[in-house]
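Remarks on the structure that follows.
Only heavy atoms go into these numbers, but all of them, side chains included; no hydrogens, no water, no symmetry mates.
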Amino acid sequence: MSLAESPSPAPSSSSGSDDFAALLDAELELASAADSAALGDAFAEEDLEENEEEDEVEVEVEDLEQKGTKRRRLEELHQDQASSVMPDEDTAGSSKNVQVEICPHPGYFGGLCFRCGKPQAEEDVSGVAFGYIHKGLRLGTSEIDRLRGADLKNLLRGRKLVLILDLDHTLINSTRLQDISPAENELGIQTIASKDDPNKSIFTLESMHMLTKLRPFVNKFLNEASSMFEMYIYTMGDKAYAIEIAKLLDPGNIYFSSKVISNSDCTQRHQKGLDVVLGAETVAVILDDTEYVWQKHKENLILMERYHYFASSCHQFGHNVRSMSELMHDERESDGALATILDVLKRIHEIFFDSDVGTDLSSRDVRQVIKAVRKEVLQGCKLVFSRVFPQKSRPQDHFFWKMAERLGAVCCTDVDSTVTHVVALDRGTDKAHWAAANKKFLVHPRWIEAANFRWCRQPEEDFPVPPPNGNPVPRSKGKGKDKENAVASHHKETNKGKENNVADEKETGQDEDNALAGQEEMAEENAVPGQEKAEENAVPGQEKTQETALDTTTTGPTDS
């Protein structure tokens, strides 16, 4: 019997990919095949010797979560698949035509159909490879839809959604040993990483000659998120790198299991996609620091503040500041990026499963929930911009305008009594003077960014606008200053035109006279080992591409 005919898995905490892996393992055991070649031989022999027999085999499949066993029947049809009918003799010796089912080839394993054993023909190359579940596994569209449907039912019964997690600059920050700065060496950062301390957050990846720093709060984040989500790792890094980081984040293999997706699993170059995730798009939430790689799934995306811990990470993104490792401080666990986003995820989960909503769970869409929660952030604010955008461009097309509208603000080009905020780069403009005269909030554009990353309206006094001469305005001390530091120090990427780009895309330059530093909506991820023309300072295993979003500096609220 085909996997397409197998019954839907019983409700459990396992995801579709885990369920499917278990079912496939059972079929492979049934075929007594140690690999895909042996599987094909077994099918071929049975086709020759038992061409007219039909056997029924019962297989007991142990549930991944040890919640009992499932019984299912695997019917093996051994007729010649090349013909639609074949002669059969009845007891009187007469012939009759017996209709024979044509195998739909729901998927292939090692180049062989896992239902009938037929080799994959050139015309059967459609479908999606799921090598992270089983090497050599490829599923057709109908089988993917079936598995996603079964997974969705199980998830909703367990009141869970799907969470896709990026690695680099989202959950961790890595650096090559050769890129460690003199200051980091003097502080003995490698010694710290080599200590046998169960509470340490810096680790040495000996085989890759790298150091990796876990983002503060990441362990608590994964533990609490696992009760609300089935979680995937999805990185543009190499498979070996992804697996090593997964071991650090999930040493007990309880969060991700086989759900670790790397660059070799992507179906489109320099792009991530939910086509390789066995979870429905309507329940998928994505956490990533790079918007560019999710062109087809922006509505599922929650953009993260970038985590730059090591000096090489800061330098790569053009931040000429001392790194957190050199300053010997880090994000605070209590209100850092991951703690903030965990609260957002809890709210999204609560709204999605709200029993007071009249619609059926299966008809709900988490993308609409994300959109609604985001619009609450700056609801009631009316913004006018002053010399933030290039003069020849349409304000409505600009990054900050679009971001503010996504956060629920109303944006306009002219001042009136209903305007609540003037967003400016300096105090010397007419609109800035108007704001002061009419007691309106005058804020720097970073105020919008901070609200975007923190998912709540930030204190306006923490984002003052400097005078025309460019001298900085004294800023508030303490926690408010920490919040500003979370989105400060944006710098232009100067990598346009470099020969060593991994991505071929180039951002078209805009008039930069009045643009905010770092406002070219492009950033460059770290290069992946093995790709051609990788940059010399790139971190092995990490993403590298150009994105149409601001580069973000995540010094975050910090502990000194």
Side-chain angles (χ1 to χ4, degrees), residues 165-227 231 233 235 237-238 240-257 260 287 289 304-316 321-342 482 485-486 526 539-542 553-560:
L165 295 167
D166 173 53
L167 289 180
D168 301 301
H169 303 110
T170 298
L171 300 183
I172 60 157
N173 189 208
S174 295
T175 185
R176 293 195 223 184
L177 296 180
Q178 68 190 53
D179 295 330
I180 294 175
S181 71
E184 289 172 328
N185 270 323
E186 289 178 10
L187 292 170
I189 197 167
Q190 292 190 62
T191 303
I192 296 173
S194 62
K195 286 183 178 180
D196 188 15
D197 182 358
N199 297 318
K200 71 178 181 180
S201 62
I202 303 179
F203 298 85
T204 303
L205 304 181
E206 295 285 358
S207 62
M208 298 181 178
H209 308 289
M210 295 174 63
L211 291 183
T212 291
K213 171 70 171 65
L214 303 187
R215 195 168 198 165
F217 196 73
V218 68
N219 292 322
K220 293 179 181 178
F221 173 87
L222 294 174
N223 182 50
E224 293 196 39
S226 66
S227 66
M231 299 188 296
I233 285 175
T235 176
D238 285 350
Y241 174 77
I243 291 175
E244 285 299 311
I245 300 301
K247 290 177 182 177
L248 294 181
L249 295 171
D250 184 19
N253 200 29
I254 58 177
Y255 299 140
F256 304 114
S257 187
V260 179
L287 293 189
D289 67 287
M304 293 289 294
E305 297 176 67
R306 283 208 174 100
Y307 183 50
H308 295 297
Y309 183 78
F310 294 110
S312 62
S313 182
C314 293
H315 297 159
Q316 183 183 357
V321 296
R322 294 180 68 189
S323 66
M324 288 192 287
S325 59
E326 294 171 327
L327 294 172
M328 298 186 68
H329 71 194
D330 207 345
E331 288 183 359
R332 286 197 298 265
E333 287 208 359
S334 59
D335 59 353
L338 289 177
T340 298
I341 292 302
L342 180 62
D482 287 337
N485 288 337
N526 291 330
V539 178
Q542 290 187 349
T553 301
T554 317
T555 55
T558 60
D559 284 328
S560 299

Given 3.5 Å as the limit, does a donor-acceptor pair link the side chain of S323 with the main chain of C314, or not? no
Flag, side chain of R332 to backbone of G336, donor-acceptor distance under 3.5 Å: no
Can you confirm whether L249 sits close enough to L167 that some side-chain heavy atom of one is under 4.5 Å from a side-chain heavy atom of the other? yes
What residues form a side chain to side chain contact (heavy atoms under 4.5 Å, CB included) with L177, not counting sequence neighbours? I180, Q190, H209, L211
Could you tell me if the side chain of L287 sits less than 4.5 Å from the side chain of L171, heavy atoms only? no
Please tell me if the side chains of I341 and M304 come closer than 4.5 Å, counting only heavy atoms from C-beta onward. yes
For L342 and A225, work out which heavy atoms get closest and say how close. CD1-N, 4.3 Å
Check: Y307 and P216 side chains under 4.5 Å, non-hydrogen atoms: yes
Would you please test Y255 and N223 for side chain to side chain contact (heavy atoms under 4.5 Å, CB included) and show each step? CA-CA 8 Å; Y255 299 140; N223 182 50; 3.5 Å; yes
Ion pair D330/R215, N-O distance below 4.0 Å: no
How far does CD1 of I202 sit from CD1 of I192, to the nearest 0.5 angstrom? 5.5 Å
Taking only residues two or more places apart in sequence, or in another chain, which ones meet E184 in a salt bridge (charged side-chain N to carboxylate O under 4.0 Å, His left out)? none
About how many Å separate CD of E326 and CD of E186, when rounded to the nearest 0.5 Å? 9.5 Å
For A240, side chain to side chain contact (heavy atoms under 4.5 Å, CB included) partners two or more places apart: M208
Would you say D166's side chain and T235's backbone share a donor-acceptor pair under 3.5 angstrom? no
K220: what forms a salt bridge (charged side-chain N to carboxylate O under 4.0 Å, His left out) with it, not counting sequence neighbours? E333
May I ask you to decide if T191's main-chain N or O and S194's side chain share a donor-acceptor pair within less than 3.5 Å? yes
From CA spacing to verdict: side chain to side chain donor-acceptor pair (under 3.5 Å), S174, T212: CA-CA 4 Å; S174 295; T212 291; 2.8 Å; yes
Do H169 and S313 have side-chain N/O donor and acceptor atoms under 3.5 Å apart? yes
Taking all non-hydrogen atoms of both residues, which atom of S312 and which atom of T175 are closest, and how far apart? OG-OG1, 2.7 Å
Minimum heavy-atom separation for D168 to Y241, with atom names? OD1-OH, 2.5 Å
From CE (M210) to CZ (R176), nearest 0.5 Å: 8.5 Å
Applying salt bridge (charged side-chain N to carboxylate O under 4.0 Å, His left out) as the test, list every pair that has at least one member in residues 242-255; sequence neighbours left out. E244-K247
Applying side chain to side chain contact (heavy atoms under 4.5 Å, CB included) to A339 and not counting sequence neighbours gives F217
Determine whether S325 and L187 satisfy the following criterion, side chain to side chain contact (heavy atoms under 4.5 Å, CB included), listing intermediate values before the conclusion. CA-CA 9 Å; S325 59; L187 292 170; over 6 Å; no
Please check: side-chain N/O of N173 versus main-chain N/O of Y309, any donor-acceptor pairing under 3.5 Å? yes
Give a yes or no answer on whether the side chain of T204 reaches the backbone of E206 with a donor-acceptor pair at less than 3.5 Å. no
Apply side chain to side chain contact (heavy atoms under 4.5 Å, CB included) to F203 and list each qualifying residue two or more places apart in sequence or on a separate chain. K200, L214, L248
Contact check, side chains of L222 and L165, non-hydrogen atoms, under 4.5 Å: yes
With E224 via side-chain hydrogen bond (donor to acceptor under 3.5 Å, both in side chains) - residues at least two apart: K346
